[in-house]
Structure formats: C-alpha cells, structure tokens
Amino acid sequence: RSLCDWSSDVCSSDLAAREQLAGAATAPPAAAQSLRAEAALRLLQMNHVPEGMAVLGDALSQVGHPIPATPWRSLVSVLWRRAWLRVRGLRFRERPEAEIPPEKLAVVDTLWAAAVGLATFHQVRSADFHARGLMLALSLGEPRRMARAVAMEMLHTATAGAQTAPRATFLLALSQRLAEQSNDPRIQAGLGVNDGIAKFLLGEFDAARQRLLAADGQLLQLPMGRAWERDNLYRFLVRTLTLLGDVRELGMLLRELIRDAAARGDEQVSTHVQLRAGHLLRMAADDVEGAEEDADGFMAALAQPGFQIQDLVHLVARTELALYSGAVTLAWNRLEQAWPTLVRTLLLRVQVTRVEAAWLRGRTALAVLRSLRHDDARRARFVVVVREERDALLGERAPWAVALGELLAGALGRALGEAGADDRILAAASHAEAAGLRLHAALSRVSVGPHEGADAWLADQGVVDPERLAKVYLP
C-alpha cells in the first residue's frame, strides 16, 4: 500500500515524487510519462536539483524535447518559437480531452512540468519549454491544458513590466474562459495564483496582495493536491509584502509559513521566504546580530551552480544589512564584485528584478557618496553611478520605478547640497506611497525630518529605529 497519497498536502513532496517514480515503472506509457514529469517537478521544487534535472531530462527526452545543452541555445529556441507564435497568434479549435491521444496529452504535461519546474532558476529554459508547450496545446485545443498554458503565457508577458498590462489582461480573460470550460477547480484556483503573480510583475502590488490572498482561499477549498501551488503563492506574497513594506503582516505570514513547513516536513518554501524577507524583519526590530550568518545559512540550503535568483536575493540581504550597520564601503564592495556576474545573467530581463537591482545599486552608491568628504575626488564616480541608476529607474515607465528614480534624484540633490532637495524627496515619497511602496515612502519622509504620519505608521509596523532603517532605504 502507498505510504502517502501524492496528491495530499500531508506527505512531503519528496516522498510523493519517489512514489510517482515507482508508480511510473508499472503504469501504462502515457500515464507513466505524466508521473515522471510530475515527479521531476516536485523534486525541483524541493531544491533537489541534480536529481530533479536527471528525471526531467529523461522525461523530456522520452517525448522528443531534450534539454538544450546551453542557456544560449534555449534562448535561440525561445526567440524562434516566440516569432512563430506572433505570426500564428493564439487561434485554436476546441476539442474534448477524450478525442485526443493520451500520448500527446502527456507531452503537453511534460513540457508544462519543465516550464514550471525550471522557472525559479533557469528562466530562459523555462520560457523555452513553455513556448513549446503552448504551441502544442494550441494545436490540440483541450481546454484544461489550454487554460494552464495561456495563464503561463500571461506570466511570461508580464515579466516585461507595466507596459504589457493590456496584453496580460487579454490573456487573463482568455484563460479565465478556458478555465471555466474545463470545470476543473484546481485549474481555476491555479489561475488565481497566476493572476496575482502577474499583477506583482506588472507592479500592481496592492492588487497582487489581494488576488494572492483570494487565490489562497480558493486553494484551501480543494480537498487535496494544493501544497506546491500554495508554496508558489507564498513566495510571491512574501515578495509583494516586502515591497509594500507591510512589516507586521509580513512577520505574521513568515511565522505561519515556518510552522506549516515544519508540520509538512517541507522546509524549502520557509527557507526561501526567510532568505527573501528575514533580514528586513530583523532590521525593523533593530536586532541584526547574527542576521548575516542566518542569510548565509539560508543561501547555503538553496545554492545551485551559476548565479540564480536566490543569489541575487542573498546579495540584497547582505548589502542591506551592511548599510544598516553603517558599513557602507563593505556594502558597495560586495555589490560591485557581484554586479558584472548579475549583468551577464538573464535575470535582469524581468522588469521587477531589474528595478530592484537598480534601486539597490543607486542607494548603495548614494550611501558611499554621503560618507565621503566634500573634497574627496572619489565623489565624482559615485555621483555618476547614482545618476545612471536614477535614469534607469525613470526610464522603466512603471509608476513604482519612476517613484524610486525620483527618490534617488532628490536624495542625490540633498547629498550635493542643492536647494529644494528635501521638497523633491517629499514629493517623490507621495508618488511612492501612491504606487504602494508604503515603507519606502515613510522612511523617505523620516530621512527629511520628523513626520507625524510617517512616524505613527512606522511605530504601528513595529519599526524600532526608523532613522537607522531610513539610511538603508534612502541614505
């Protein structure tokens, strides 16, 4: 008898994956293929990357879609398939699942598992397998798999940022119609998760929070098989709350996630979110002793070859902790050492990631600039860097990115002794607040001087030393 139902939330994904692999040995060919693909997905989500990639590579080879040897070959494949999709469009003829050979459905399932499983650490390969799966799903026309593929297309579209909102809205409407036709509650709930993630990628952070919480309610109505969807949801909910700056809610969520992960024997998601947000909570509580060692420990549990998204998250944590401790030169040296590697990756193709990186580099350069004497010749270099990142943020044309660029501009003016700089910071803080960046706005106001509204809000959020934290957000 099976040790656990691999659709349940009680058994760990690791155990479920191994039972799926065992089941694949005796299942009919199409069912065996789908089991291997889902097992690979579970292993990758548990960060068992070498084993997961081996299982996934075997599953993909079985259906004639081997993993390209290099990321650049994947990029060429993506570009070719995206060009074909632009010409072809999203036309399809709907067909019931019963009319389609199971072997073809298994190929779609395998490509979808590859796209989802690779999304957190091989974005280009993920995009490649998504494009392949979308092309095949369009040719088959089965509503459930079409809904899933179009929802992922929405996410890939949204990575380009705010200017893609009309296209993302169209894809959402199409995927909603297909999800309703599929009559599959899990597909419908999963679409809610993807909608929330898309809103995050578009910079609509308050809307993202609301949609992700609503989707979590939908997932909780499912009898089983919701664990990995909720894990994915929580990764983005934590990232959303971090940008919104809702420190109190963020702390409660992290405590809940840690307890839930321990109960399920699945530490992967709690490790990820603690790396993402743990240092912010420690800074807000003015309790950073050992915080850098904690971040290093979380990173060690998530480390993979190359420079992946978790490496960038770790870099942000270490840089911000150094700024909080006043070690501005250390913060800059760490960032500049990693920066060329980051630029060579494809992580900065995603607007949210690109904006966060530019904001980090700009304010770190600003902190160093403010630490130097006015007659120090090195100031000129850091002025140039702040201006570069200011212009990069303003050029993104997303309200939240523009607000951050305006904050950098005002703070640079303050560092250079320009008249009216404080007024520019306060105006930019209002724009940041309107974009949902409440912590950024409050700390920027505090950096100018006492501010009754900001001080009260920060106290309610449990921020112990606002002036010190302000030196991290707007030196």
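Throughout, residue positions are numbered sequentially from 1 according to the sequence presented.
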Q) Is it true that Arg445 and Glu433 make a salt bridge, defined as a side-chain N closer than 4.0 Å to a carboxylate O? A) yes

(Q) Tell me if a side-chain donor or acceptor on Thr164 pairs with a main-chain N or O of Gly161 at a distance below 3.5 Å. (A) yes

(Q) Tell me which pairs pass side-chain hydrogen bond (donor to acceptor under 3.5 Å, both in side chains) where either residue lies in residues 209-218, with sequence neighbours left out. (A) Asp195-Arg211, Arg209-Glu249, Asp216-Arg230, Asp216-Tyr234

Q: Under the salt bridge (Lys or Arg N to Asp or Glu O under 4.0 Å) rule, what do Arg282 and Glu289 come out as? Steps first, then yes or no, please.
A: CA-CA 9 Å; Arg282 297 284 292 273; Glu289 184 177 353; over 6 Å; no

Q. Got a salt bridge between Arg334 and Glu292, using NZ or NE/NH1/NH2 to carboxylate O under 4.0 Å?
A. yes

Q. Would a distance-only check, ignoring hydrogens and angles, find a side-chain to backbone donor-acceptor pair under 3.5 Å from Asp128 to Val124?
A. no

Q.
Can you tell whether the side chains of Arg438 and Asp206 come within less than 4.0 Å, N to carboxylate O?
A. yes

(Q) Under a 4.0 Å threshold between the charged nitrogen and the carboxylate oxygen, would Glu389 count as salt-bridged to Arg363? (A) no

Q. Which heavy-atom pair separates Leu191 from Ser175 by the least distance, and what is that distance?
A. CD1-OG, 3.3 Å

Q. Hey, what do you get for CG (Leu250) to CZ (Arg276), rounding to the nearest 0.5 Å?
A. 11.0 Å

Q. Are any side-chain N or O atoms of Ser325 and backbone N or O atoms of Ala327, one a donor and one an acceptor, separated by less than 3.5 Å?
A. no

Q) In Å, rounded to the nearest 0.5 Å, how long is the span from CG of Asn333 to CD of Gln337? A) 8.5 Å

Q. Counting heavy atoms not belonging to Arg349, are there more than 12 under 6.0 Å from its CZ?
A. no

Q) Does the side-chain contact (heavy atoms from CB on, under 4.5 Å) test come out yes or no for Gln310 and Leu275, once each step is laid out? A) CA-CA 8 Å; Gln310 57 266 36; Leu275 176 62; 4.3 Å; yes

Q: State, without any angle test, whether Asp296 and His314 hold a side-chain donor-acceptor pair at a distance under 3.5 Å.
A: yes

Q. What's the spacing between Leu253 CG and Arg248 CZ if we round to 0.5 Å?
A. 14.5 Å

Q. Between Arg239 and Glu356, is there a side-chain N and carboxylate O pair less than 4.0 Å apart?
A. yes

Q: May I ask you to decide if Asp58's main-chain N or O and Ser61's side chain share a donor-acceptor pair within less than 3.5 Å?
A: no

**Q.** Donor-acceptor contact present, side-chain Arg167 to main-chain Thr157, <3.5 Å
**A.** no

Q: Report yes or no: does Tyr473 contribute a side-chain atom to a donor-acceptor pair with the main-chain N or O of His440 at less than 3.5 Å?
A: no

**Q.** Lys/Arg N to Asp/Glu carboxylate O, Arg145 vs Glu142, below 4.0 Å
**A.** yes

Q: Would you name the heavy atoms of Val55 and Ala40 that are closest together and state the gap between them?
A: CG1-CB, 3.8 Å

Q.
As an exercise, state the distance from CD of Glu320 to CG of Leu360, rounded to the nearest 0.5 Å.
A. 6.5 Å

Q.
Once you measure the plane-to-plane angle for Trp400 and Phe205, does it fall in the parallel (<30°), tilted (30-60°) or perpendicular (>60°) bin?
A. perpendicular

Q.
Strictly below 4.0 Å, N to O, side chains only: are Arg148 and Glu153 in salt-bridge contact?
A. no

Q: Please indicate whether Asp460 has more than 12 foreign heavy atoms, meaning atoms of other residues, nucleotides or ligands, lying under 6.0 Å from its CG.
A: yes

Q | Rounded distance [0.5 Å steps], CG in Leu111 versus CE in Met135 | A | 10.5 Å

Q. Of all residues at least two apart in sequence or in a different chain, which pass the side-chain contact (heavy atoms from CB on, under 4.5 Å) check with Gln188?
A. Ala179

**Q.** Minimum heavy-atom distance between Trp332 and Arg361, given as atom pair plus value
**A.** CZ3-O, 4.0 Å

Q) Would you say the side-chain atoms of Ser126 pair up with the backbone N or O of Ala115, donor to acceptor, closer than 3.5 Å? A) yes

Q | Exercise: identify the closest heavy-atom pair between Ala160 and Gln163 | A | O-NE2, 3.2 Å

Q. Hey, are the side chains of Leu439 and Asp246 touching, using non-hydrogen atoms and a 4.5 Å cut-off?
A. no

Q) Looking only at heavy atoms, what is the nearest atom pair of Ala106 and Ala30, with distance? A) CB-O, 3.7 Å

Q: Taking Gln33 for its side chain and Ala59 for its backbone only, find out whether a donor-acceptor pair lies under 3.5 Å.
A: yes

**Q.** Thr345 side chain to Leu342 backbone, donor-acceptor under 3.5 Å
**A.** yes

Q: Please report the closest heavy-atom contact between Ile67 and Gly57, naming both atoms and the distance.
A: CD1-CA, 3.9 Å

Q. CZ/Phe298 to CD/Gln274 distance, rounded to the nearest 0.5 angstrom?
A. 3.5 Å

Q. So, are Arg42 and Glu19 salt-bridged, with charged N and O less than 4.0 Å apart?
A. no

**Q.** Side-chain (Glu396) to main-chain (Ala401) donor-acceptor, under 3.5 angstrom
**A.** no

